[in-house]
Every structure is written in structure tokens, then in C-alpha cells.
Protein chains: 2
Amino acid sequence: MVTTGERVERAALELFAEKGFAATGIREIAERAGVSSGALYHYMGTKEDLLAQVMNRGNARLLHLAEAALAGAAGPAERLARLVAVHVYVHAHAQLDALVIDSELRSLGEEARSRVMELRDRYELLWRNALSEGRAAGAFRFNELGIARLALLEMCTGVARWYSPRGPVDDRTLGETFVDMAFGLINACGPDDRRLTHADVAIPDLNGLAADIAEELAKVGETTGGWSET
Amino acid sequence: MVTTGERVERAALELFAEKGFAATGIREIAERAGVSSGALYHYMGTKEDLLAQVMNRGNARLLHLAEAALAGAAGPAERLARLVAVHVYVHAHAQLDALVIDSELRSLGEEARSRVMELRDRYELLWRNALSEGRAAGAFRFNELGIARLALLEMCTGVARWYSPRGPVDDRTLGETFVDMAFGLINACGPDDRRLTHADVAIPDLNGLAADIAEELAKVGETTGGWSET
DNA sequence: GTCAGGTAATCAATCGATCGATTACCTTCA
DNA sequence: TGAAGGTAATCGATCGATTGATTACCTGAC
């Protein structure tokens, strides 16, 4: 059974992704959740608290999944490949969360924004480390670390802006294609100087993450629990 | 001398990029432009018309610059390199326009939106053609044309979200780095199967575009002239 | 009888847009 | 030269509608 609180959050997520935070009215959220606008305030603090909850939950989930996927990775190339695969998978399957997280940071107040940014920074550090260690080891051959990291992240994040699960591309192909593109982008080579592809690294079965996502969601619910204090 | 109309449009551009279209009030635009909220309506139709003008102008400029840069390109690799260079240059130097164009399509009504999308589609066709011809000629070696095109565009468009002209990277380095990354991403190779870099293709001096941008702006002003009829 | 869950009505504030009135400037003709 | 007439620019005030948020009141389950 789906509770009213969950329906409220889901309605807010959909509307924030669709029309943006500022353009979404309290009454719209209430209508889509099937309650009156007054009843909404039984389940949320302010509209901004609702946004903060959505963003924290999504960011924490991505961070958890990435850290879990990195465990047991053989080397920098495998670490990066797993980061790419998880990032693309999550952005393809949790599209709405991703769109809201990417474009509504400015709608949060300072306090809530810095909390979201802290999670984001911890996540991006995983990428920075994988890239710099891979370059130090001679596996990756690029010049500008900052540019490469940002280009990779923008490329992978963009998936949320165009991917459709009902389109011609299944997510296995999507993930492998992005790993190949990422390897090419940073000029990833094996010991024999041959160009690396997704076939050269081990990537955990990402479809198994579907269950993990739900599980992580529950955990995150406890962690960031409830509403931001104001 | 800068006219009041130009100040209004500039103020709107800044605020739309900063806070988003829906979160920007008419009175804020007026205040930043230095006029009363009533006087604003001598220079614009509705708030949405103002947004449509900003987006059409920016898109038309990008399209013009790209078409101009493509003239005289030697082959698919050079064509793609020029597209990347122009795209990155424009997104680095017309950041506000790019941010608004990328994120405020949903704020337009159907009529204005389809006009903006037509320009965008014409522009993206240049990329699609360069990519597919390059692959047909054996110069580019990637599997999914659609994914590659979208990944490239997202990567290059992302520049507007993080680049700072006052940062450590000058735009020459930025453009060359992105051409190299793009070539790697699509696995671009020369006749000898050697990996291509920016040094293998001729890219017009992009700093000369600064003047062209202003010139194109004037032209576009005539073309899309005035306000969208409603 | 109490309390979580819910509603309808309402709050002050702000929204985009429009109003009539006024100012500043430019022609045109005597 | 200068008064008349026209037009573009700008103002403060205000319109009806909508905003996020709050209140008082109701209902059914335990």
C-alpha cells in the first residue's frame, strides 16, 4: 500500500521535474496527490522542505550505489567504468530525481543547499580520484583533469534529459556504449597500449541494482529523515 | 549608447539565467533595467515574449556561426572539430543565453516553443550529418549514432554550466581539449589508423568570432524582429 | 474522548498586466 | 524664431487572479 505521504512526495517530484519548482503550485501538488491543499501541510514542512527532501534522497542514493559498485574494483579503469555505468543507469531510471537535482539547486535556501552540495561533492570526489589515479598509473592519457571530469559528468548526466526506457536502446547497451565513449574521451589504454573497451573491465550486473535502489531508498529515508528543520 | 530596450533584454537575460523564468518577477526586470514596471510594456509584449526573443536570438546566432565555420572544411573530421570548437566557444562566452535556452524551453507556449525547436533541430542536423558521414567514410568508429550525438552535445553544452572566463583555462585550451575529447569519444582515426587530435585539423581562429557574434546579433535582430504575435 | 487525517475557508502578499496621466522630444508651418 | 501638434517614453496606481501558508472545524477508528 502506498501512503498519502508517499503520494505527496511523488506528486511533487513529478511536478518539479515537469514544470520546475517555482512554476509548481501548492494546489497542483495537492490535486495530483489526491488531497486538499491544507492537508498537504500534514505531510510536509514548506514547499522548499519538500524539494530538499527529494534532492537529498536522490543524491544520497546515487552516492550509496556508487560506493557499493566501487567495492572490489580491480584498478582505475574498472573503477571509472563502474562509476560511468552506475551514473548512467541511475540517470536513466531515476530520471525525474536527476532532473530536479540538476536544475533546482538554486531554488533552495543556503542551509538546505549546502547540505545537498556536500553530498554532491562527496560523489564527485569518487570521480576525481579515479581519474587522477588512472592518469598517474598511465592508464588514462588526458591533459586537463578538471575539464575531463566535468565533461564526463555532463555527458553522463545528460542521459536524464533524453533517455526514454521505451526507446530503441536498452540499458545494457546504453551502459556499455557510455563506458566505451568515456574510455575514448580520456584515452584509456591497456598495458599493451591498446585502446580499452567495456569488454576489458568487469562491471556488476546493474539490473540487480533495481532492487538495491528500493532498499537504499528506505535507508536514506531513515538517514535524512523527515523534513529540514527551519 | 545602450538603449532602454537593450537594457530591458539584458536584465531579463540575466535574471532568467540566475533564478529561472518562473521565479523572475516583472518588477525585478524593471528595477534592474532602471525603469518602472509599467514602462516595461513599451519594450516587450508579455514576459513570455521576452523569453522567446532571448532564446530565438541565441539559437539563431549559434546556427549562423556554425554554418559559417563549416564553410571550407576539408572532411568530416574537420567539420566535427569546427562544430565542437564553435559550440564550446559560444557556450563559454554567451553563458547566460545558453543556460536560458537549455532550461527554459518548457516555459514557452506551444507556438513559441516550436519556433525555437525548429532552429535547434536545424543546428543538431549539422552534427548528425558530420557524424554519420564521418562514420560512413571510416574516419569515426562508434556504434550508436544517436547516443554519440547526444553525448557529444551534452558534453559540450555543459560548458555553459561550469566555465568561468576568469578561471584557470583560456578558451584556446578549452576548445582544443574538447576537440581531442570528442575525437576520442567517437574513436576518430586518420588513414593510418592513428588516433586524431586537434592538431590534425584546421580550426578557424575563434577569437575572431567575438566581432562576428555582435554582427550576427544585429542580423538576427532584423530576422526574428520584434515580438511574437499573439 | 482522543487523536491522526482530512476539508473548506481564508489570510496577507505578490503576481503579470493595464490604466490614465504626464513628461520629453521632434517636426512642421507661419 | 517660435508656437502648434504629434509621438515615443515613462510614471504611479491599480486591476483581478494566484501565491504559499494558516486557521477552524469535521470525521472515523481505536
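This structure is a prediction, so every number in the text was calculated from the model and none was measured. Letters go in sequence order (proteins before strands), and every chain restarts at 1.
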Atom-to-atom span, NE2 of A:H42 to C1' of C:dG5 - whole angstrom: 6 Å
Could you tell me whether the phosphate oxygens of C:dA17, OP1 or OP2, come under 4.0 Å of any side-chain nitrogen or oxygen in B:Y41? yes
Any salt bridge (charged side-chain N to carboxylate O under 4.0 Å, His left out) involving residues 24-34 of chain A? Give me the pairs, sequence neighbours left out, ordered by first then second residue. A:E14-A:R32, A:E18-A:R32, A:K19-A:E28
In numerical order, the residues of residues 19-37 of chain A whose heavy atoms come under 4.0 Å of DNA chain D are A:T24, A:G25, A:I26, A:R27, A:S37
In whole Å, what is the span from the NZ atom of B:K47 to the C1' atom of C:dT14? 12 Å
Could you tell me which residues satisfy side chain to side chain donor-acceptor pair (under 3.5 Å) with B:E67, sequence neighbours excluded, listed by chain and number? none
What is the distance, rounded to the nearest whole Å, between atom CG of B:L40 and atom P of D:dA13? 18 Å
Looking only at side chains, do B:D180 and B:T177 share a donor and an acceptor under 3.5 Å apart? no
Taking salt bridge (charged side-chain N to carboxylate O under 4.0 Å, His left out) as the test, write out the residues that go with A:D97, two or more places apart. A:R61
Contacts of type salt bridge (charged side-chain N to carboxylate O under 4.0 Å, His left out), residue B:E133, not counting sequence neighbours: B:R79
Applying ring-ring contact (aromatic ring centres under 6.0 Å, His included), name anything that partners B:F16, two or more places apart in sequence or on another chain. B:F21
Pairwise N/O distances under 3.5 Å, protein to nucleotides 19-26 of chain C:
none

Provide, to the nearest angstrom, the distance between the CG atom belonging to A:L51 and the P atom belonging to D:dG20. 13 Å
Roughly, in whole Å, what's the span from CZ in B:R7 to P in D:dA9? 12 Å
For A:E118, all residues meeting salt bridge (charged side-chain N to carboxylate O under 4.0 Å, His left out), sequence neighbours excluded: none
From CG of A:L50 over to P of D:dG20, roughly how many Å is that when rounded to an integer? 12 Å
With sequence neighbours excluded, tell me which residues meet salt bridge (charged side-chain N to carboxylate O under 4.0 Å, His left out) with A:R172. A:E176
